[in-house]
Amino acid sequence: MDRAAEDGLRKALGQTDGEAALALELATAKRFISTLEAHASGLAAGGHPTVLISPPDLRRPLYEFASRFVPDLWVINGARVGARHAGSSPSATLDLSPALGEGRMRRETR
């Protein structure tokens, strides 16, 4: 995720039964899910899992929200990935900017 997406998701954190939960605005939720579903279907067609690397504080709320729509989604702690795979880089970055209309995954150049 890009920094703006992380910040927007943090602002949408609320509490449900004492646990952090995402309470996204409808338009943001639609952009997020449609972007994630599109990317997930492309990965699945290539035989790859959908893995979302997240900051530690967003990992569980993201998983609980998004896995309802993308059942085979993995959301992992970026801090732990960075420590183990210092040379790795993401294949795409999730961008939830409202200016993009539907949101998108920006392909990373390597």
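Residue indices begin at 1 and follow the sequence shown. Just so it is clear, the structure is predicted and the values come from calculations on it, not from any experiment.
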Heavy-atom distance under 4.5 Å between the side chains of Leu36 and Phe69, does that happen here?
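Side chain of Leu36 against side chain of Phe69, heavy atoms only: no contact under 4.5 Å found.
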Any side-chain heavy-atom pair from Phe65 and Phe32 closer than 4.5 angstrom?
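They are in side-chain contact.
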Check side-chain contact (heavy atoms from CB on, under 4.5 Å) between Glu25 and all other residues, then give those that pass, not counting sequence neighbours.
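Per chain and number, Glu25 pairs via side-chain contact (heavy atoms from CB on, under 4.5 Å) with Thr28.
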Taking all atoms of both residues into account, what is the closest heavy-atom pair of Ser41 and Ala38, and its distance?
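Looking at all heavy atoms of both residues, the shortest contact is OG-O, 2.9 Å.
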[atom1]/[X] to [atom2]/[Y] distance, rounded to the nearest 0.5 angstrom?
X	Y	atom1	atom2	answer
Ile53	Arg59	CD1	CZ	13.0 Å
Leu73	Thr50	CG	OG1	6.5 Å
Asn77	Ser54	CG	OG	7.0 Å

Side-chain donor-acceptor distances from residues 5-23 under 3.5 Å, at least two apart:
{"unit_1": "Glu6", "atom_1": "OE1", "unit_2": "Arg3", "atom_2": "NH1", "d": "3.3"}
{"unit_1": "Arg10", "atom_1": "NE", "unit_2": "Asp57", "atom_2": "OD2", "d": "2.7"}
{"unit_1": "Arg10", "atom_1": "NH2", "unit_2": "Asp57", "atom_2": "OD1", "d": "3.1"}
{"unit_1": "Gln15", "atom_1": "OE1", "unit_2": "Glu19", "atom_2": "N", "d": "3.4"}

Any pair with a residue in residues 64-73 that passes side-chain hydrogen bond (donor to acceptor under 3.5 Å, both in side chains), sequence neighbours left out, goes on the list, sorted by first then second residue, please.
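For residues 64-73, and leaving out neighbouring residues, the side-chain hydrogen bond (donor to acceptor under 3.5 Å, both in side chains) pairs sorted by first residue read Arg60-Glu64.
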